[in-house]
Number of protein chains: 2
Amino acid sequence: MLQHPLLTKREYEMRARVMKALGHPTRLFMVDELSRGERCVADLTEMVGADMSTVSKHLTLLKEAGLVAGEKRGVQVFYRLKTPCVVKFFECIDAVLHAR
Amino acid sequence: MLQHPLLTKREYEMRARVMKALGHPTRLFMVDELSRGERCVADLTEMVGADMSTVSKHLTLLKEAGLVAGEKRGVQVFYRLKTPCVVKFFECIDAVLHAR
DNA sequence: CGAATACTTGGCGTGTTCGCCAAGTATTTT
DNA sequence: AAAATACTTGGCGAACACGCCAAGTATTCG
């Protein structure tokens, strides 16, 4: 990374942060689910089967990575996928998995 | 994840493992570099600027995730990218980053 | 205003990741 | 066979991630 970096160190760090955000089964599930439409935290919590605080933290992490956005409507917060291209990752990942 | 999972829990775990492997700046750099052609560990070590043992462990992790393959030739080990489609992730990631 | 609902945030224990150093293996060279 | 090169593996401390519970905030409803 010292000599002739293709990108800067900081750029790789930023990219890594996005990939890291997707590196958890629960967050991957939520992204998959959000690709079908917006969901509120309570719905996701029920689907995931964890504490709501845990789900909320996962969503915060995804939001900080720039992958989702949340909008408060009344007492609920609805999350949606900001960058649907992420869904295309899955095809490639499955190719990786099947090639083993 | 309990009710009506789009995929099984295990499938999300397997996918997460692949994404996790890409969730580190050094590994992301190496994948990027390997997309240009095979490289031996010493070359990558010099580029990354870390201990060779560290780089070797990163490569092992990428290999276990199914992303790269290593081939020993003489005293060197050359790594190559097994699934070039991973490179396409970067476009989307940058879209995510620029959309913030 | 008080209670209820839907979330977020703080804190904490546990487990995982990451980096280096040191030691081990394998291949080539002398 | 000994030395050198190119790795890999083990071990260890520091930092980070993850889960739950408890407490806090915000909005709505009676």
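Heavy-atom basis, side chains included; hydrogens, waters and symmetry copies ignored. Sequence lines set the chain letters: A, B, ... in the order given, protein chains first and strands last, and positions in each chain run from 1.
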When we call it a touch if two heavy atoms are under 4.0 Å apart, what does A:F78 touch: a base, just sugar-phosphate, or nothing?
-> nothing
Starting from P on D:dG19, measure out to CE on A:M52 and report it in whole angstrom.
-> 16 Å
Look at B:Y79 and D:dA6 and indicate whether a side-chain polar atom (N or O) is within less than 4.0 Å of OP1 or OP2.
-> no
Find the distance A:D51:CG to C:dG11:C1' and express it as a whole number of Å.
-> 14 Å
Tell me whether the OP1 or OP2 atom of C:dT16 has a side-chain N or O from A:H24 closer than 4.0 Å.
-> no
Nearest-nucleotide 5' precedence on DNA chain D, A:L61 against A:V75 = A:L61
Could you tell me the separation between the CG atom of A:L62 and the C1' atom of D:dA17, rounded to a whole number of Å?
-> 14 Å
Euclidean distance, atom CZ of residue B:R17 to atom C1' of C:dT17 [Å, nearest integer] | 15 Å
Once you round it to whole Å, what is the distance between P of D:dA6 and CD of B:Q76?
-> 6 Å
Answer yes or no: side-chain N or O of B:S53 and base N or O of D:dC7 forming a donor-acceptor pair under 3.5 Å.
-> no
Can you check the A:D43 CG to C:dT5 P distance for me, whole Å?
-> 16 Å
Option from A:M52, A:H58, A:R39 for which side chain to side chain contact (heavy atoms under 4.5 Å, CB included) with A:L44 holds = A:R39
Is the number of heavy atoms from other residues, nucleotides or ligands within 6.0 Å of CZ (A:R10) greater than 12?
-> no
Mind checking B:K72 for me? I need base, sugar-phosphate or nothing, with any heavy atom below 4.0 Å counting as a touch.
-> sugar-phosphate
Can you check whether B:T54 has a side-chain N or O nearer than 4.0 Å to OP1 or OP2 of C:dC20?
-> yes
Within this structure, what is the CG-to-C1' distance between B:L59 and D:dA6, rounded to whole angstrom?
-> 13 Å
Under 4.0 angstrom between B:H58 side-chain N/O and C:dT17 OP1 or OP2 = no
May I ask you to say whether B:R73 pairs ionically with B:E71, meaning some side-chain N is under 4.0 Å from a carboxylate O?
-> yes
Closest to the 5' end of DNA chain C, once A:K57 and A:K20 are matched to their nearest nucleotides, is A:K57
For the pair B:E46 (side chain) and B:D43 (backbone), establish whether a donor and an acceptor sit closer than 3.5 Å, ignoring hydrogens and angles.
-> no
Can you tell me if the side-chain N/O atoms of A:S56 get under 4.0 Å from OP1 or OP2 in C:dT8?
-> yes
Round to a whole Å and report the spacing from CG of A:L44 to C1' of C:dT8.
-> 15 Å
Which atom pair, heavy atoms only, marks the closest approach of A:L67 to A:L81?
-> O-CD1, 3.6 Å
Indicate, with a heavy-atom threshold strictly under 4.0 Å, whether A:R73 touches base, sugar-phosphate, or nothing.
-> nothing
Mind checking the NZ-CD spacing from A:K72 to A:Q76? Nearest 0.5 Å is all I need.
-> 10.5 Å
So does A:T45 reach the base of C:dC7 with its side chain, donor to acceptor, closer than 3.5 Å?
-> no
Closest to the B:T60 side chain: D:dT9, D:dC20, D:dC18?
-> D:dT9
